[in-house]
2 protein chains.
Amino acid sequence: MPEHRSRKDAARNREAVLAAADALFARRGSAEDVTTAEVAAEAGVGKGTLFRAFGDRAGLLRALYEARLAPVREAVESGPPPLGPATPPRERVPALLDAVLCFKLDNRRLVVALEESANGSASPYQASHYEWLHRLLRDVLEQIPGTPGSDFTAHALLAATRADLVEHLAGREGVPRETLRAQLADFTAGLLD
Amino acid sequence: MPEHRSRKDAARNREAVLAAADALFARRGSAEDVTTAEVAAEAGVGKGTLFRAFGDRAGLLRALYEARLAPVREAVESGPPPLGPATPPRERVPALLDAVLCFKLDNRRLVVALEESANGSASPYQASHYEWLHRLLRDVLEQIPGTPGSDFTAHALLAATRADLVEHLAGREGVPRETLRAQLADFTAGLLD
DNA sequence: GACGATACGGACTGAGGGTCCGTTTTGCAA
DNA sequence: TTGCAAAACGGACCCTCAGTCCGTATCGTC
């Protein structure tokens, strides 16, 4: 069904680059100081190939991100409660935020790099995954009676899970994972009364 | 009484660079695509001078930011209510957040550039002005009975005024200033019940 | 097995942040 | 005033990277 099936070598190289990037980002602390040249080398591929496959550095980051996010998306869109669509709104909101927080905790380095690489104005807010998440959260909030300004509230709640904030608290200040989760849960709960 | 009074030419050039940067950032839309070379040229000064005065690009941004923030700081630390220290906590929290929001609305471009220029990990969260603001907000929150996790809450509230979010809403989506202020106020109010 | 289409790869370019160092200015002191 | 060391100047220079270009190699189809 695909319009243009891509050539076998292209597909293989795309995977190789993705895997190489993943490995390199893991090996180094941060995705920040891994260059495209290094990724290409690690993948045993020329830079041209990398750029043809992903467009630019941000494209590579995005692809990796998307790959890691897929399970979460799956769980949210068609999984069982408390994440899936069958969950009552009042419980789904904290569950969603907790899932986002955990995801960011697990993928701190990558997410920081991605949120920052989107230079120019309005950085992470036009990424498709942000749009998706925001729309979803807003719609769920809307189903809770007495919630004013669900659009802004959704933004504000998501802002509380911003990658660099998470990195600051969990990384720099050493706040334990569970503490952070509890605090976010408290914060969310405080809002939904 | 100053330990090391800086030389007159140094002081003059420092001001010139600051003014030039201010002018250039205003003329261009964004601080993002103004280079250090341009700023130096506009100030009629060599690049070396710029770097000696501010350390690096981020230092220049920071200095400009600090200069613009000074009035707010003043109003918060020793001004009259509703910003000053004499204000009862319950009213001061929303006033503080509103002030921050207005500041970011007025200085969008610069603040976006600053929050992003702090590359590497834990970007804007170790800037001294963030520390100051966070500590202040946390302490004020602490004085409101029944507020759990004031430290995290302060972070989360400040996150709702993140420069790129503000830029996204006010700039990209065209949400009017007053609407945004009202939404933030609602959000804050919802939390303080 | 041949030929057009597609992909490869790495040398190359351009941009921009930051440094270096010979020259100039400053300000103190004789 | 003049002398002089310390401080500041400035712009050529360097380096790192993202991203491009184009001659060569590979694919897959007829």
Side-chain angles (χ1 to χ4, degrees), chain A residues 2-21 24-25 28 30-64 110 112-120 123, chain B residues 1-21 24-25 28-64 110 112-120 123:
Chain A
E3 271 308 346
H4 283 308
R5 186 140 202 88
S6 68
R7 247 169 60 172
K8 203 173 0 183
D9 50 353
R12 179 168 33 76
N13 280 334
R14 189 191 157 88
E15 289 316 305
V17 169
L18 226 36
L24 266 179
F25 291 167
R28 300 283 226 298
S30 151
E32 210 52 64
D33 41 74
V34 174
T35 67
T36 51
E38 284 174 311
V39 174
E42 171 90 5
V45 140
K47 282 181 62 174
T49 302
L50 186 155
F51 280 95
R52 206 165 322 100
F54 298 99
D56 59 9
R57 189 192 149 87
L60 171 59
L61 278 300
R62 230 177 296 126
L64 246 186
L110 172 63
V112 168
L114 182 67
E115 288 190 2
E116 280 178 0
S117 77
N119 21 3
S123 330
Chain B
M1 227 65 15
E3 272 308 346
H4 283 309
R5 184 139 202 88
S6 71
R7 249 169 60 170
K8 204 173 1 180
D9 51 352
R12 179 168 34 77
N13 280 334
R14 191 191 155 87
E15 289 316 305
V17 170
L18 225 37
L24 266 179
F25 291 167
R28 302 282 227 296
S30 150
E32 211 52 66
D33 42 69
V34 173
T35 68
T36 51
E38 284 175 311
V39 174
E42 171 91 3
V45 138
K47 282 180 61 173
T49 302
L50 186 156
F51 280 95
R52 204 165 323 100
F54 298 99
D56 59 9
R57 188 194 149 88
L60 171 59
L61 279 299
R62 231 178 294 126
L64 246 186
L110 173 62
V112 169
L114 182 67
E115 287 191 4
E116 279 178 1
S117 77
N119 19 7
S123 332

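Every chain is numbered from 1, with letters handed out A, B, ... down the list of sequences. These numbers come from a predicted model, not from an experiment.
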Cut-off 3.5 Å, no hydrogens considered: what does the side-chain donor-acceptor table look like for residues 46-55 of chain B, sequence neighbours left out?
none

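Judged as a salt bridge (charged side-chain N to carboxylate O under 4.0 Å, His left out), and not counting sequence neighbours, B:Asp56 has no contacts.
Between the CG atom in A:Leu60 and the CG atom in A:Leu18 there is a gap of 6.5 Å [rounded to 0.5 Å]. With rounding to the nearest 0.5 Å, the separation of CZ in A:Arg57 from CG in A:Leu114 is 10.0 Å.
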Contact string for nucleotides 10-23 of chain C, one letter per nucleotide 5' to 3', B = base within protein heavy-atom range under 4.0 Å, S = sugar-phosphate only, - = neither, reads B-----SBBB----
With sugar-phosphate taken as primed atoms, P, OP1 and OP2 and all else as base, the protein-contact string of nucleotides 23-28 of chain D at under 4.0 Å (heavy atoms; B, S, -) is ---BSS
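Residues B:Leu110 and B:Ala31 share a closest heavy-atom pair of CA-CB, 4.4 Å.
Counting to the nearest Å, the C1' atom of D:dG19 and the CG atom of A:Leu61 are 15 Å from each other. Between the CG atom of A:Leu50 and the P atom of D:dA18 there is a distance of 10 Å, given to the nearest Å. Taking atom CD of A:Glu38 as the reference point, atom P of D:dG19 lies 15 Å away to the nearest angstrom.
Within the structure, every pair that satisfies the side-chain hydrogen bond (donor to acceptor under 3.5 Å, both in side chains) test and touches residues 33-44 of chain B, not counting sequence neighbours, is listed here: B:Arg27-B:Glu42, B:Arg28-B:Glu38, B:Thr35-B:Glu38. For the salt bridge (Lys or Arg N to Asp or Glu O under 4.0 Å) condition, the pairs that include at least one residue of residues 8-17 of chain A, sequence neighbours left out, are A:Arg7-A:Asp9.
The shortest distance between the side-chain N/O atoms of A:Asn13 and the OP1/OP2 oxygens of C:dC8 is below 4.0 Å.
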